[in-house]
Structure formats: C-alpha cells, structure tokens
Amino acid sequence: MGSNKDIELIEDGKRMDGREFDELREITIKAGVLKRADGSAYLEWGKNKIMAAVYGPREMHPRHAQETRKAVVRARYNMAAFSVPDRKRPGPDRRSIEISKLVSEALEKVVFTEKYPRSVIDVFIEVLQASAGTRCGGLTAASVALADAGIPMSDLVASCASGKIEGQVVLDLGKNEDNYGQADVPVGYIPRSDDICLLQMDGNLTEEEYEEAMDMAIEACKEIHGIQREALRERYSTELKDENEKDLAEGV
Amino acid sequence: MGSNKDIELIEDGKRMDGREFDELREITIKAGVLKRADGSAYLEWGKNKIMAAVYGPREMHPRHAQETRKAVVRARYNMAAFSVPDRKRPGPDRRSIEISKLVSEALEKVVFTEKYPRSVIDVFIEVLQASAGTRCGGLTAASVALADAGIPMSDLVASCASGKIEGQVVLDLGKNEDNYGQADVPVGYIPRSDDICLLQMDGNLTEEEYEEAMDMAIEACKEIHGIQREALRERYSTELKDENEKDLAEGV
Amino acid sequence: MGSNKDIELIEDGKRMDGREFDELREITIKAGVLKRADGSAYLEWGKNKIMAAVYGPREMHPRHAQETRKAVVRARYNMAAFSVPDRKRPGPDRRSIEISKLVSEALEKVVFTEKYPRSVIDVFIEVLQASAGTRCGGLTAASVALADAGIPMSDLVASCASGKIEGQVVLDLGKNEDNYGQADVPVGYIPRSDDICLLQMDGNLTEEEYEEAMDMAIEACKEIHGIQREALRERYSTELKDENEKDLAEGV
Amino acid sequence: MKEILSKITKDYLYRLVKEGKRVDGRNMFEYRDIEIKAGEIEPAEGSARVRLGDTDVYVGTKMDVGEPFPDTPESGVLTTSAELIPMASPEYESGPPGEDATELARVVDRGVREGEVVDTSELCIEEGEKVWILFIDIHVLDYDGNLFDAAGIGVMAALMDTVVPASKFDDAKKEEDYPLPIDHVVVPATFTKIKDQILLDSQLEEEKIADARLTVSLNENDEIVAMQKGLRGVFDYESTKECIKKAKDICSETREKVIEEVGRENI
Amino acid sequence: MKEILSKITKDYLYRLVKEGKRVDGRNMFEYRDIEIKAGEIEPAEGSARVRLGDTDVYVGTKMDVGEPFPDTPESGVLTTSAELIPMASPEYESGPPGEDATELARVVDRGVREGEVVDTSELCIEEGEKVWILFIDIHVLDYDGNLFDAAGIGVMAALMDTVVPASKFDDAKKEEDYPLPIDHVVVPATFTKIKDQILLDSQLEEEKIADARLTVSLNENDEIVAMQKGLRGVFDYESTKECIKKAKDICSETREKVIEEVGRENI
Amino acid sequence: MKEILSKITKDYLYRLVKEGKRVDGRNMFEYRDIEIKAGEIEPAEGSARVRLGDTDVYVGTKMDVGEPFPDTPESGVLTTSAELIPMASPEYESGPPGEDATELARVVDRGVREGEVVDTSELCIEEGEKVWILFIDIHVLDYDGNLFDAAGIGVMAALMDTVVPASKFDDAKKEEDYPLPIDHVVVPATFTKIKDQILLDSQLEEEKIADARLTVSLNENDEIVAMQKGLRGVFDYESTKECIKKAKDICSETREKVIEEVGRENI
C-alpha cells in the first residue's frame, strides 16, 4: 500500500472506474495459445495481460531437487521489461522470487503430483502488461494452462484480491486503488474443497474487515472459476472443430 | 595499516586502553553454544564477538572437489552486515575470500583428515561485532568448535596478532592501533609441534622487529591455548552435569 | 561504425598510415610459444597483439554439453583489462560472448571433430593490445594454435576484414578507419574448400560494394594463409633444431 | 541437502498431534522460552538477539544518508534483508539469499512497512534530495523452527533500540543523535497446521511435517497489518479466522516482552 | 536440454529439401504468415507483437533520461536486449541471456544502429549532459524458428510505434510527446542453408538440420546495413551474393507490411 | 580439473630434494631465468611482461579520475586485480577470480600498498573530490610455478613504467603527463618448503609437492613490508627467519634487474 496522497478513489458510492465495491474488472481467458508449451493460457484482466505456459511433467534438473515420491510444481513469475511504466530490469528480483514461491505452493495442492515421482511440472507466468493484481491473474491463468497441458488435477485454483480503500472494503483493486489504498488481500481458492491455498495481506484491517474482504474474495473466486472452466470448454470444442474440419478437408 | 593521521597510540609507556605492550585484550570462549551445528564456539575478544560452527565430516559437494584420501577442511569467514561501523554488504568480498582460504589452510594440519576420505569438514565463522583481529579470533574459535564437534585433532590452533605502533612492537592490536599503526602480524600457532600455520604481515618491520613481534605473538598463543582448553573442559563438565541432572530428574 | 566526425581517412589516394586500399597491415605469427597449452600462437597484426592457446581434445565438462558423436570446439575470446585505452572490466561482455560464439562456429568446420566424440577442444584467445580487427586476428591465430596442438584439420582458417571509408572499399581497417568508417566486413575463409566460415557486416554497402569488399577480403585471406603456414613451418623446423641440439648436447 | 525425517519420527509426531500433545510438552498456543536482548551489537545503530527455544536470530540496523525514491521524496527508505547462513542449519547453503530467505525478509519487511512502525516522514532530511536509509539485517545463527516470529520480534526490538546517528553525518538535519521515531509496535504470530491441528511456534520437527503456515502481524490496536500463508498445504477460511482471534492475546503478550526489554516509554 | 530430431525425421527433411520441397508446402523463398500488431502494450513507449507462423515475439520500447556516452555527447543512447525465456521452448533455461540471446540482440541491434534507423541526434536533450536512453526489449514467447526475422521486424515496428514521453519528464527539451524520429526502415531477411539448398524463414525443424544461417538487413534504398552468418556450417561466396539479391524483394515486401501496420507517412 | 602428479614423479621429486638437488639443476636459492620487458603494451599507462622460466605474466596499469575514499580524501586510489585465465593452465577455469587469484592479487597489492611504493598523496587532484584511480591488472598467460614473484616483479616494473595521463583528462591538476611518483621499490621473494628443505622460486612440479609457501616482500632498505604464508603445511619459526635473511640478497638482485629494465634514476 502506497503513500497516502490525496487521491480520490470513491465518488458517489462508486469507484473511479465506475465499478461497484464488489465488482470484478473484466476477465477473459483463452487456453491453448502457444505451440511449443505443453499447455498454455492467455489472460486479460482489466489492463493486465498475462501469458501462462506449462512444460511437463518432465525430468527434474538438477537431480538433487527431485522428490522420490512426487512431482514438484515449480512456478516462475516474470515481468517483461516493458510491462510497467518504469522499465523493469530483466531477471528475478525479490518480489518475483517471493511470488514464484507462493504460486508454486498454491498450485501443488490441486495437482496429483504423486503420479509423477522425480518429475517437475514447470509453470511459467509472463506478465506482458501489469496493472495491479498480476499474481492473482498469473495464478488463475496458470491453473488453466495446467489443465490445458492435460495434467491431472483435483480442481482449478481461482485467485482474486480484495482490499480496502477510503475505509471501504472492495473487490479486485485497480492500479490507483492498489497504490493509494489501505489494504490488499490476495487470495487463492480451491472451490471444490473450499480451501485457501494463497493468502497474503498487507495494509491495515480490523478482524471484521478481514472477514468482509475474505467473503468478497471467495465469492469472486467462484465466479472466476466459471470463466476458467469456460475457457477450457472453448478450447476443447475448438480442438474438436479443428479435427472435424481436418476430417472434412481430408474427405473423411 | 591505515593512513598516518596524528592519532596518539602510546602515552606514558602504556597503550591508550591501558594495556602493557605485551598484554592481550580480554578473551572469553564458550564451547557448544549452538544446537544445529555439530560443534560450535562463541568467542569475545576485546570488543570482537565471533561465532564459529562446524558441520561434518559430511559428504563433499560438489563431487569433483572431493579428495580420495582425506577430508577437506573448508572454512568460510563472514562478517554480519551490522558488525562494522559502515554496513558491510552481504556476501563474500575479496578480503573474506582470502581469510577463508588462510583459515582453511591453517586448520588442516591439526585435523586427522585422512580418517575421512571424500568428506568435507565445514567450518563457519561469523563475525557479529568486529574490532581488529577478527581473523585470529575466528581461527581461535574455529579450533574450539572443531574439538566440540568431536573431530580428531592433534592439537588446537591458537592465533593472535602482534604489530608495531609508534615504533614500538606490541601485542594484539586494538582497533585504532590497527588503523593507525605501522605493522600487523597475524600468527596461527600449534603449541604441541611448535609450528606456524598462519602468518601474514603488512606494514613495515625490520628483521629485528619481526623477531620481537613473533616472540610476543607465540607467547600469547600459548596463553590463548590455555583459554581454549579451559573452554572445552567447561563444556564437558557442563555436559556431564546436564546428564547428571537429567538422571536425577528421571529418578535414576 | 562510429560517429561521423570530420576525420580524414584518405589523402592523395592513400590511407593515413600510407597503405594502399587493398594493403594489409603487417602480420607476424609465431607458433608454439606457451608451455602449458597443448598448442599456441602469438600474433601481431598492425598494433594488435593477440595470444591464442588450445587445450584438448579433453573431456567435456559439464557432461550435458557433450556431443555423442563429435568433439565440440569451444572458443573463448577475451580482452585484457589494459588492452584498450579505456580499461576494460574483466569478464565477458556481450561483445565478447558473441565473438566467442562466432569463432567457435568458424573453426568447427575445419576440425575433424568426429574423431573425438564427447570431447571438447578449448580455444582461448587473449587480446593483449587491441587496434581494430581483433576477431579476425584471434581467429587467424587460433587456427595456428589448433595446428600447433596437433589437432587434425582439413585446412587453416584465415580471417581478415574489409570495409568502406570515405566511400572507398578498403582492406583491413585500422583503428581510426574502424571508428570513423562507413562499413566493416569481417570474413573467415577456408582456402582449400573456398568456403566462408565467418561473415559479418555492419555499416552501409551497396550490393556492388559488398562484392568488391569480399573479393578483397578473400584475396587477403589467401595471403594470410601463407603467413600461417610459414609460422607452422618455422615451428616444426625449430622443434627439429631443438631436438638436434639436444642430441648433440647429449653426445648422440 | 534437504533433511528428511524418518517415517518413524513422522508417525510419532503425527500421533502426538492427534492426541493434542507436542514433543516438548507445550500447549498448542504456547511459545517456547523467548529471550530478547537488545543493544548487544555496538557498531549497529540498533540491535536485538532473539532466542526462541534454540532458534537464535540476530537483527542489526544500520543507517546511512542517501536519496529518496522519486515517488516518495519526503520519506526515509527502509530495506530489509535476511541471511540464512549455512552455520544455522545443514540445509542452508552459501550464496545469495534463496527463496526462503527472500520470503522471510519480505514478510517481516511488510509487517514493518505496512504496519507503519517507523515514522519515515521523520527520516527526511531534505525533501527529494536527502533522506535516511535504514538497513535492517536479519542474521540467523541457529535454526530450530519458526524463523518468522524470531525475526519479526527481533526486528521490532532492534528498531526500538535504534538511535539515528545524526551526529556522525554533518549533513543531517539534527545535530544530536535521537531515537528512531516509532509509531506502532507490530509483532507477528506464526501458526502451523499439521493435519487438522493448528499450533503456535513450531519447533523444527513440527515445521518439517507441517502442511501450511500462517503468519499474522498485529499492531497495538489489534489491527492486522500483514499476513502470509506459506508451505504447500492449505487452510480453510474458518481456521484463518481462528488464528487471528488467537493472535490477539499472543501478540499482546509478545509486545509487552519487547517493550519491557527495550524500555521505551514513548510508544 | 537440447532437443534432437530423430534420424527418421531428419532423413525425411533432407529428402524433402533435395526434392525442392518444404514440410509446410512453402516455396523456398516464401515467408510463413506474418502477423504484425503494434501498440498493444500500453506501458511501453512503443510495442509490436510479431507472429511468424507459430513463432511469437513481443518487442517493447521504454525511454528514460540519462547521460550520453563520453564519445557521443550529442546522441541519444540505444540499448537492445533479448530474453529467450523458458516459456518459449523446452530448450531455453532461466537465467541471464546466453550466447544465443546475446547474438540475437546484437544482430538486431546492429541493424537498427548501423542502419541509422533512429535519428539519435534528435534524442539529445542537453549536449554532454542529458539524452534520451532508448531501451529495446525483445521477449520471445513461442519459438518455432527464425527468431532473427521475427525480432528484427518487431523491433522496426515497435520503433515506428514509439512516442517519446517528453511530457513525463520535466527536464526534457520538448514539452509534448512526439513520435520517435525515424530515418530509415530496416528489415532483415534470414536464410538458412540445408545441404546445398538455400531457404528463407526456416521453421523449427528446418532450423535444426540447417548447416548455416545468413541474415541480411536492408534499408529502403536496398543498401545492406548488417549481415551475420551463423551456425557451424559454411556458405560459398556465390550463395551470399544470391541471398543479397533475393533479400531485396523480400525485404521490400516486409517493409511494406511494417509500414502498413504502423501507418507512418513521414518515412 | 586439478592436476595430480603420479606417485612415481612425486617420489622422484622428493628424492631429489632430499639429496639437495632440483629438477632443473638449480641451487636451492636460485631463480630461473628472469626476463622483464616494460612498456610493451601501448594502451596501458604502464606495463611489464615478466617471464620466470616458462611462467609468463603480463601486468598493465590504467589510470582514471574518480572520487577518493571518504577516510582518505587526499589520496589516490589503488586497486589490484589478478586473472588466472584458463589459457595459462588446464587447472584454471573461466569465471570470476577464485580464491587463488584473489590471494595473489591481495598479496601483491599489500606489497605495493604497505610498502608505500606509490606516493598516493601526489595522486590527489582536488581534496575529497577528485583523485587518480590506479588500476593494476595482472594477467597470467602461462603458469609454470611461482606466480607470486612473477606478478610482484611485474607490478613493480609496470608501476615504474607508468606515466600519469594528465593531458588526457582536462580536469587533472597538471597539464602534462608525468611519471607515476614512486617512493620505494618493493619486490617479493617466494620460498616453498618441501619436507624439510626450503627453496626459492619453485617451478610447477615443485610447487605441486610443496607443503608450505612463504612470500617475503622487502623494500630497498631491507625492511619487510609484506609477508604471507600459504598452502596447507606449516613453517617453524626458525625457517621464517632464515627466509627473511635469504630474501635480503635475493630481493636486492631482483630490484636491480627491475631498475635496469625500467631505467628510472629518481628512485
């Protein structure tokens, strides 16, 4: 949460971009967009543009990082140099190292890792354009990319942040709200098991505000879960269509 | 040896901290102070505060650094960021790389390395507060930590510097003496075999001054050797006491 | 090609150092100048001073870089810190990484790599004094060092640049010509097979100028090839002489 | 060199937890002995050594004068680093901070930063030109579990022990050294979940079998200023609420210990 | 993790080439579908996404104010980086740019620099003191062959899309943002040689069996501004001449596509 | 890739030493041929190439204008680096300087620094603001033993060959180039101990079986300005005294060779 400049974030009971307090920015997800990766998903979330790709399960290198009874889910979150107003120096910084760790941990629970001992499932998240909420967007896209790669999973992880601006608990902070707001609570949620697999918070919240924020975030995650499933459905139907067309073309 | 500012270091035949020319600063050593390490020692020497820990013998990684007929003694000397007036950037610098090398070399002779082929004995020295003479302090503490770890050794290495201030050969330079003196001679000494295992010198000494300095340093090392042995005796008796108390508690 | 300052490069139909347009700077090569390396060559080319050394074929580390059916030729081009007017920071920069790659690629074709599967042939090029054309000089010296190491080769690679200054195509740019000229075309050439194994160009050339530049460079490479062979002949006769003298000395 | 507990040890630990017991006999929400010593490191502007059972952490602060960030020209700069040196555990390796050290530093840093512990506006010397840079260094000497709390407590104590070395820098706004301006006292409480049991202050073995970890940092008004879920397991929502409730009493007690050691009245 | 084609695949590819055919039915000197989209990345000063078949490359430019190099006090500074991120290929690894990424960045950079694409004298704000620094970042998302052309085309389009953010920097010479001054439109054409056959725009499999690679960058006057031979094979002199001849038509067509997308009239 | 001598070679070498002989027939305290050539590297401010038998070392100095250290505002800055490049030995690897190169650079550096070879007060241009930075770079091309002496001699010669490039920097105090102000001529003598035998200037094989190494650096008044014991063996006190005594004559001879080559009278 940034410095407390006199930036107005709420006017007439609405947020500056016209959203209700519990309203998400627009989210679109497209699965299967890269050729080389085993699975991929492209997500736009408000002004965020994020690509996620999955390779694996494949042999884990270095060897000493292998786990004998399960696959390791290894996520790498990265921002393109041009994704933010001030050019980001290439290479991992402390923020991206932490996010990569949290996303790895958040995804592991839904993947049937025990099916692939000694393997690694690599998840790459590239933020091409950043506008608040990239870790939630990255985690959401990564789940879809995992499914697109055919990795057996118990559920898709959906992720969304809530927070506080001008004393008001709101959903899915935009850029200014993130910079000048009072609290940010990124949540990763597994609908089927009703579990929280990512949880961070910074700023200032009372116990009650925490609960309000969490209720909002969980509700939103369920909505996002629908968008994720729709993206996968779309993907399969396209694939099917492609094959049908191919069949037709080949005169079958 | 630093710049020759007009800093007075001797007054009325005594050093500014009241010491005689051949007097050590106060030294206390406590062995067995860390839980995780196989052996450890905490040393205070004047205002120096130094922790030494030993892990091993354990398998040497990387493999190509293994020696087929003996263990490698690998010391790592490190200063905490807050141990010096100007914050030290974390990570090894050229000074600490050199000291680590010299301490490794100084310790190897007293360890029966041939008992543990292909192994490594790791020695970690952390300087928490630095005030001239940390390499000697580190080497002295490391010897005790090695003994505390139960590593078979032919003797303890004791270490101390002598030097020259205002034309006078003196023992165990303090911070100002080190900064504004004329020579510094760190010595590592093995009493039982009367051998010198660490020797550096910088500044300006005549042949005669060198001998005077060495005589002083070797004498002091013998004294330090006594403090080291006392620390180990203390440690064993405590251990014994602990066990007795445990026996009592358990009603034996 | 540098900034277009008003630097005169041609006067009275000659270049500022008195050379004709198609004239090389003076080149001398001496083979077998280092003891430790398996092969070596020292080259002076105008004001360039370059040492090349070869180690191998030897086992390739790291293992995963081994090729199962052939040796890898791995060149490393490096400039000494004092080789240029502004001190060069030690360690590889982007320029030297690229040159190392191109030299590796240029040499591979002439080496019978299939004779040494899983091996590496290391080629080290150290620029001690740089004055335009160091990559060509390095490649030229490296070929001789390979031959000196007894590596079986189909031919020696000869290398030379041509370029354009004041609208005129010329051979072997000198320092000012390189800095203030209009184009530079480094060429690596294999006389026996009439093949081009290194080719770069930057600046501005028409198609016709390109051909003129290439004709010049190839002709010069043939001349350089002669100097290379002469250096090797010299080397072998010296070796022979050495052995004869030794025989005499030993009274054989 | 990851340490792995034997199956027997694990089973034993799981059984204990199931019976509502801990290896060292503590209650589920009880800390090990906490020992806080401030001001032991002279060259530091402030320092604290915290022992949580056998976990042993040193924190030192250093201050320097430098430039502010362009977007906060009137604020001092805070920077927190953690080093998990190989002395502290056979699992730690030499080299730049890995992901564990990075997470630790960042979580503790957020507690300080988002909790507005330090009044950074007071650390401005000349707007947009010169501000105090505050370096917080966490140095772990012995790792026996729950670094987050040991480091968090240590950082809070070290900050309260910190004296701004104004006299050393002739370009500083004030001439005499003065205590670092502290606005809030933030301390963390870290819970782990083993199977369905939640417990405070895991020691090493417990941490090794833990599914998930939750750190909650509270200020003196019981407001949450930072949270972080860690490890590869999950929490259910209700458990997170329970942790927050428990954290209130726990943090309150810890906070008292810190204040007692550092003895500042102006908080 | 170098990918190796099976012997069967290789033999099949060699046979095709011998018969003058390509895996996807193209002519020897025909590009795959080229898709250029400029301006999709808002935070960038300029951007372009280029798809060459399935090869997918993003290029973004960023500008900042900084010091000129001592030997060119009146010129802005250009710097080009390429990242071959592990998302793009199972062969790419995390970490600092390797030799492939370095060569790619440097070849594209020379095309821009030696081709005098940008009028860097216009990027001087205060001689010897302040100039614009132009960062060009090449980000490869999907690697299916011929990165040199995808990146080269992308960089040209991104530069033409670039607006100098003069209004964001109060120390800049001009007050309003203005288009980056472009003097020349340089695009590359990259040929590979497989046995004795030369072909344009290799897709991945072709690149894997290629002996040598030749990139030729031409400006709108058909002048050569940069060339680079790559890979461990050789070209004969005549082939390089042939490539240059072919490149004229090819680059001319590519150049039109770029201009069409970016729609600048002042070139 | 550590080289290991065969047992036979070792035994042979040990036997030789026992009999008071050396592989190349030298006396115990005799140098191999020393060849010193100064001024061969034009772009350097000063340079020297030293061959000690087949050991071949280049030293170059470069000077630049920069800021002094805060605690020595009136002194120029000296910095010494050594590179043990893989050209010089199959044991050396690419990459940043390892512990051997670091020790070499630091020991040579101390000889220069503590021996007050250069009058650094003369290298102050503007107190606290601008001083000369003197870079000393040691570049080893062929490693056949005893780098400490080859480098130490080379550095001394290169310094005496150095001309301060005052004319190149318009901000320097003087207008014309002038010789680097040299106060003392310091050279090292490096002894190794094999079993109970002490010898000077070990070549490679001797170095490989040596127990310990002792470098003694003396100035022209026979004062010791730097010493360093190396390797994993020990010296007894008497031997160190003996080395110092021997070093006097040895260094005196070396010093003459350096002065003869560089031909400075003002020493």
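Atom set for the values below is all heavy atoms of this structure, side chains included, hydrogens, waters and symmetry mates excluded. Sequence lines set the chain letters: A, B, ... in the order given, protein chains first and strands last, and positions in each chain run from 1.
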What residues of [range] make heavy-atom contacts with chain E at a cutoff under 4.5 angstrom?
range                       : result
residues 150-159 of chain C : none
residues 207-217 of chain C : C:Glu207, C:Tyr210, C:Glu211, C:Met214, C:Asp215
residues 193-201 of chain C : C:Asp194, C:Asp195, C:Ile196, C:Cys197, C:Leu198, C:Leu199, C:Gln200, C:Met201

Salt-bridge present (E:Arg113, C:Asp202; N to O < 4.0 Å): no
Selection from [options] maximising heavy-atom pairs under 4.5 Å formed with chain C:
options                                : result
E:Glu99, E:Lys248, E:Met227, E:Gln228  : E:Met227
E:Asn221, E:Asp211, E:Thr102, E:Val216 : E:Thr102
E:Arg110, E:Arg232, E:Glu223, E:Glu74  : E:Arg232

Leading residue by heavy atom contact count with chain E [cutoff under 4.5 Å; candidates C:Thr206, C:Val185, C:Val73]: C:Val73
Nearest 0.5 Å, please: how far is [atom2] in [Y] from [atom1] in [X]?
X        : Y        : atom1 : atom2 : answer
E:Asp100 : C:Glu98  : CG    : CD    : 11.5 Å
E:Ile224 : C:Leu205 : CD1   : CG    : 5.5 Å
E:Glu103 : C:Lys101 : CD    : NZ    : 3.5 Å
E:Asp236 : C:Ile190 : CG    : CD1   : 11.5 Å

Could you look at [X] and say if it's the side chain, the backbone, both or neither that has a heavy atom under 4.5 Å from chain C?
X        : result
E:Leu218 : neither
E:Asn219 : side chain
E:Ser81  : both

Side chain / backbone / both / neither for C:Leu107 at chain E, heavy atoms under 4.5 Å: neither
Side chain, backbone, both or neither of C:Ser104 within contact of chain E (heavy atoms, under 4.5 Å): both
Per-residue contacts, residues 238-246 of chain E versus chain C, heavy atoms under 4.5 Å: E:Thr240, E:Lys241, E:Ile244, E:Lys245
